[in-house]
Amino acid sequence: MADTQNMEMDLEQEAADAKMHPSGEMAQEENTSEDAELEEDSKGQEGSQAEESIEEEEVQEDEGTCDSEEEDAVAEKKGFFKKKEKKNKQEEKIAELTDRLQRQMAEFDNFRKRTEKEKAQMFEIGAKSVIEKMLPVVDNFERGLASVPEERKEDPIAQGMDKIYKQLMTELENLEVKPIDAVGKEFNPDFHNAVMQVESEEYESGMVAQELQKGYMYRETVVRHSMVSVVQ
């Protein structure tokens, strides 16, 4: 009886195992299908993630390209402004140097003109001083020739003095030294120096009646005033 009971229990256990075996296989198959679905989902997710990463990379590449283009444009603008600023500085420097050169040239031209004027004035002063010293010699020649009697004017000495006097007056005239007209002219204090007043039937009042010492002009300047007597 005990053996029979044990056999029955074993058969029941085998039947139970047999019944459970298909369900185990079904569970395994279900697990397998679930794993496949999970694997497909993971693959799909990985694919979508890969596509998203590619799209992100493309976007980043596009953004990087745009950024590089903007940077190039900014760098180009900076270079343009730097060149323009450098050119403006060069133009300002050129204008400054040109203005300085023009000022120096103007100053030099003024200096040259001023120097030439001073030289001319110094020459005029020097020439006037020499002429003033020569005029007494001319006066002595005139006095000497005036003192020669008529009968002795043909003497060689008298003729020699007359020739020297004429030569001297010619050279003075070449130097633009000329005597001042006085006798018969209206008295002019710019040219005449009145030392006395006289009565005259020949000339009217205020006229120069007599020249006591000859006056001379050098160009437009009076070297010596004529010493004259004026009619009352």
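Worth knowing before you read on, the calculation uses all heavy atoms, side chains too, and leaves out hydrogens, waters and symmetry mates. Numbers here are sequence positions counted from 1.
Once rounded to the nearest 0.5 Å, the distance linking CE of Met217 with CG of Asp190 reads 9.5 Å. Separation of atoms CD (Gln102) and CG (Leu97) is listed at 11.5 Å; rounding is to 0.5 Å. One finds the CG atom of Leu135 at 11.0 Å from the CG atom of Asn140 (value rounded to the nearest 0.5 Å). Summarising the geometry, atom CD belonging to Gln104 is positioned 14.0 Å from atom CZ belonging to Phe111; distances are rounded to the nearest 0.5 Å. Summarising the geometry, atom CZ belonging to Arg112 is positioned 9.0 Å from atom OG1 belonging to Thr115; distances are rounded to the nearest 0.5 Å. Rounding to the nearest 0.5 Å places CG of Asp139 at 6.0 Å from OH of Tyr216.
In terms of heavy-atom proximity, Ala209 sits nearest to Val231 at CB-CG2, 3.6 Å. Among all heavy-atom pairs drawn from Phe187 and Val208, the shortest one is CA-CG2, 4.1 Å. Shown here for Val148 and Lys153, the closest heavy-atom pair between the two residues is O-CE, 3.7 Å. Between Val222 and Phe191, the closest heavy-atom pair is CG2-CD2, 3.8 Å. For the residue pair Met196 and Val198, the shortest heavy atom distance occurs at SD-CG1, 4.1 Å.
Other residues, nucleotides and ligands contribute only 12 or fewer heavy atoms inside 6.0 Å of the CZ atom of Arg152. The neighbour count for Glu186 CD, taken as heavy atoms of other residues, nucleotides or ligands under 6.0 Å away, does not exceed 12. The environment of Glu204 atom CD is sparse: at most 12 non-hydrogen atoms of other residues, nucleotides or ligands sit within 6.0 angstrom.
Two residues are said to be in side-chain contact when any heavy atoms from C-beta on lie closer than 4.5 Å; Asn88 and Gln90 fail this criterion. Put simply, the side chain of Glu171 reaches to within 4.5 Å of the side chain of Asn174, judged on heavy atoms. Here the side chains of Glu173 and Val177 are not in contact, with every heavy-atom distance at 4.5 Å or above. Side-chain contact between Val195 and Leu212 is present, with at least one heavy-atom pair separated by less than 4.5 Å.
Asn193 places no side-chain N or O within 3.5 Å of a backbone atom of Pro189 that could act as its donor or acceptor partner. Side-chain atoms of His192 never come within 3.5 Å of backbone atoms of Gly215 as a donor-acceptor pair (strictly under, hydrogens ignored). With hydrogens and angles disregarded, a donor-acceptor distance shorter than 3.5 Å links the side chain of Arg224 to the backbone of Lys214. Within the 3.5 Å criterion, the main-chain N or O of Ile125 finds no donor-acceptor partner in the side chain of Ser129. Under the 3.5 Å distance criterion, the side-chain polar atoms of Ser205 are matched with a main-chain donor or acceptor of Gln232. With Ser200 contributing its side chain and Glu202 its backbone, the two residues share a donor-acceptor pair below 3.5 Å.
Neither Tyr218 nor Met122 shares a network with the other; the hydrophobic side chains, linked directly or stepwise wherever heavy atoms of I, L, V, M, F, W or Y lie under 4.5 Å apart, form separate groups for each. In the hydrophobic clustering of ILVMFWY residues, with side-chain heavy atoms under 4.5 Å counting as a link, Val183 and Ile180 come out apart.
Using a 4.0 Å cut-off between charged nitrogen and carboxylate oxygen, Arg103 and Glu107 do not count as a salt-bridge pair.
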Side chain to side chain contact (heavy atoms under 4.5 Å, CB included) for Lys93 and Lys89? Distances and angles first, verdict last. CA-CA 6 Å; Lys93 189 67 175 177; Lys89 288 182 178 179; over 6 Å; no
Would Lys128 and Glu124 satisfy salt bridge (charged side-chain N to carboxylate O under 4.0 Å, His left out), going step by step from the backbone distance to the final call? CA-CA 6 Å; Lys128 184 178 178 181; Glu124 294 288 330; over 6 Å; no
Would you list the atom pairs, donor with acceptor, under 3.5 Å between side chains in residues 156-170 and any protein atom, with sequence neighbours excluded?
unit_1: Gln159; atom_1: NE2; unit_2: Glu154; atom_2: O; d: 3.1
unit_1: Gln159; atom_1: NE2; unit_2: Glu154; atom_2: OE1; d: 2.9
unit_1: Asp162; atom_1: OD2; unit_2: Lys166; atom_2: NZ; d: 3.2
unit_1: Tyr165; atom_1: OH; unit_2: Glu142; atom_2: OE2; d: 2.6
unit_1: Thr170; atom_1: OG1; unit_2: Lys166; atom_2: O; d: 2.8

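Applying the side-chain contact (heavy atoms from CB on, under 4.5 Å) rule to Leu101 yields the partners Met105; only residues at least two apart in sequence or on another chain are considered.
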